2 protein chains.
Amino acid sequence: MKIGEVAAQLSVSTDTLRYYEKHGLLMPSRRTEAGYRDYSLSDLKQMRFILRAKDVGFSLTEIKELLAIKLYKHQHSCHEVKSLTIQKRDLVAQRVAELTRFHQSLSVLAEKCCGGEELADNCSILTTLEDIDGLTQ
Amino acid sequence: MKIGEVAAQLSVSTDTLRYYEKHGLLMPSRRTEAGYRDYSLSDLKQMRFILRAKDVGFSLTEIKELLAIKLYKHQHSCHEVKSLTIQKRDLVAQRVAELTRFHQSLSVLAEKCCGGEELADNCSILTTLEDIDGLTQ
DNA sequence: CTTGACCTTAGTGTGTACTCTAAGGTTTAT
DNA sequence: ATAAACCTTAGAGTACACACTAAGGTCAAG
Ligand SMILES: [Zn+2]
Ligand SMILES: [Zn+2]
Ligand SMILES: [Zn+2]
Ligand SMILES: [Zn+2]
């Protein structure tokens, strides 16, 4: 398959496919005489793996590690794979916690403000951000 | 106050202070004869505002908007300020939702894998990422 | 036979929030 | 007087995941 066909089938851009190739995530098996990329079914399968890994939150760097393990499965253990997964999950959990704190603070701020068309001279959001202990109480 | 003193007092780097100045967030009121930045108490107060706004999740661009409103409070309404806050809160909520889906998927993946020292030939994480409907069920 | 739709490479631009560097001037202490 | 510790500027580098561009080669349809 040519790059355009793969791109259409998987709903990605040809740029993305070339980008992944450049960064060692997906090398098409063959090239045509004219030098065109020629993707095999196995290449397509690998691209689906990559996209699914992205869907669960892995970065491209992490996916590259997963692919390296997948390629030589018999040289790696379940432990390694699970470690990567758990590490990622915990990192995601940390970020969720941080963003949840943001959300909480923003909610508190929003509730303090009347939101009316009056002038912002005494807006509680602005004064709270000015005050030292505005959000810690 | 000189830049180093401000930096020490607020636990930021002098680089950060110069960066904020360059990007229009905080201009020190004066310069000394030698060209050194000379921060006033009001400058310090503004820097605290910026840091507190960062703490609740506003980006520097958003903080710049807030500062512009704060500077001319009598030309802006509570509505504007509250809008910015609500928009940000909703955006954060979206991101939390996305990351929570990631977390859920990663947990499902992790639970499927034994995590032992055996070879990864049949690792459920890898096979699930390969399968089409692995995570949708 | 030419038009348009594809394909190639290599390189640059985007946004975020800094961080670091180079090359040099100033201040304070010994 | 000189060294240490500050300060200045402008500009480059970092991570992430592409998107876009230029300049050109290839191929199918009309
Ligand atoms: Zn109000
Ligand atoms: Zn208000
Ligand atoms: Zn196992
Ligand atoms: Zn496993």
Side-chain angles (χ1 to χ4, degrees), chain A residues 1-39 43 47 49-67 84 87-88 91-92 94-95 98-99 102, chain B residues 1-39 43 47 49-67 84 87-88 91-92 94-95 98-99 102:
Chain A
M1 289 178 77
K2 282 191 281 187
I3 195 172
E5 303 175 78
V6 177
Q9 186 146 7
L10 299 183
S11 304
V12 299
S13 70
T14 55
D15 277 334
T16 298
L17 286 164
R18 291 195 202 94
Y19 179 83
Y20 286 3
E21 180 176 344
K22 196 173 174 180
H23 290 75
L25 288 154
L26 178 64
M27 308 297 186
S29 324
R30 294 185 4 105
R31 292 280 179 138
T32 66
E33 294 147 18
Y36 287 19
R37 290 167 181 82
D38 185 11
Y39 292 86
D43 296 333
M47 188 60 191
F49 179 99
I50 294 170
L51 293 177
R52 216 160 295 119
K54 258 176 68 71
D55 273 350
V56 305
F58 284 112
S59 70
L60 295 187
T61 307
E62 289 156 346
I63 293 172
K64 214 171 152 181
E65 287 186 71
L66 286 174
L67 287 170
L84 285 175
Q87 269 177 41
K88 185 65 188 183
L91 212 135
V92 168
Q94 274 180 35
R95 183 70 177 139
E98 186 185 16
L99 287 177
F102 286 175
Chain B
M1 289 177 76
K2 282 193 281 186
I3 195 170
E5 303 175 78
V6 177
Q9 185 145 8
L10 300 183
S11 303
V12 298
S13 71
T14 56
D15 277 333
T16 298
L17 286 165
R18 290 194 201 95
Y19 178 83
Y20 285 3
E21 179 176 345
K22 196 172 173 181
H23 289 76
L25 288 153
L26 178 64
M27 309 296 186
S29 324
R30 293 186 4 104
R31 293 281 179 137
T32 67
E33 293 147 20
Y36 288 19
R37 289 166 180 82
D38 185 11
Y39 292 86
D43 296 333
M47 188 62 190
F49 179 97
I50 294 170
L51 294 176
R52 217 160 295 120
K54 259 176 67 73
D55 274 350
V56 304
F58 283 112
S59 70
L60 296 188
T61 306
E62 289 156 346
I63 293 172
K64 214 171 152 181
E65 288 186 72
L66 286 174
L67 287 170
L84 285 175
Q87 270 177 40
K88 184 67 188 183
L91 212 135
V92 168
Q94 275 180 36
R95 183 71 178 139
E98 186 185 17
L99 287 177
F102 286 174

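Just the heavy atoms: all of them, side chains too, but no hydrogens, waters or symmetry mates, feed the values below. Values in this document were obtained by computation on a predicted structure and should not be read as measured data. So you know, we letter chains A, B, ... as the sequences are listed, proteins then strands, and number each from 1.
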Inset, instruction - Give the nucleotide from the list D/dA19, D/dT8, C/dT8 with an atom nearest to the side chain of A/D15. - result: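 Shortest atom-to-atom distance from the side chain points to D/dA19.
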
Legend entry - Among C/dA17, D/dA17, C/dC7, the nucleotide that comes nearest once only the side chain of B/S59 is considered: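 Nucleotide nearest to B/S59's side chain: C/dA17.
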
Legend entry - Smallest separation among heavy atoms of A/S29 and A/D43, with atom names: OG-OD2, 2.8 Å

Side chains of [X] and [Y], heavy atoms from C-beta outward: is any pair under 4.5 Å?
{"X": "B/Y20", "Y": "B/M47", "answer": "yes"}
{"X": "A/K2", "Y": "A/T32", "answer": "no"}
{"X": "A/L84", "Y": "A/E62", "answer": "no"}
{"X": "B/I50", "Y": "B/L67", "answer": "yes"}
{"X": "A/L60", "Y": "A/H23", "answer": "no"}

Legend entry - OP1 or OP2 of C/dC7 under 4.0 Å from side-chain N/O of A/R37: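 For C/dC7, OP1/OP2 do not have a side-chain N/O of A/R37 under 4.0 Å.
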
Legend entry - Side-chain N or O of A/K54 closer than 4.0 Å to phosphate OP1/OP2 of D/dC18: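 Checking A/K54 against D/dC18: at least one side-chain N or O falls below 4.0 Å of OP1 or OP2.
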
Under 3.5 Å between N/O atoms: give me all the protein pairs with nucleotides 22-25 of chain C, atom names plus distance.
from, atom 1, to, atom 2, distance (Å)
C/dG25, N2, B/Y36, OH, 3.0

Inset, instruction - Answer with base, sugar-phosphate or nothing: what part of the nucleic acid does A/S13 contact at a heavy-atom distance below 4.0 Å? - result: sugar-phosphate

Legend entry - Salt-bridge present (A/E21, A/R18; N to O < 4.0 Å): no

Inset, instruction - Please state how far atom OH in B/Y39 lies from atom C1' in D/dC7, giving the value in whole angstrom units. - result: 12 Å

Inset, instruction - Would you mind telling me which residue lines up with the more 5' stretch of DNA chain C, B/T61 or B/A34, judged by nearest nucleotide? - result: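 Looking at the nearest nucleotide for each, B/T61 comes out on the 5' side.
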
Legend entry - Between CZ on residue B/R37 and CD1 on residue B/I3, distance to nearest 0.5 Å: 5.0 Å

Legend entry - Interface with DNA chain D, restricted to residues 16-23 of chain B and to heavy atoms under 4.0 Å: B/R18, B/K22

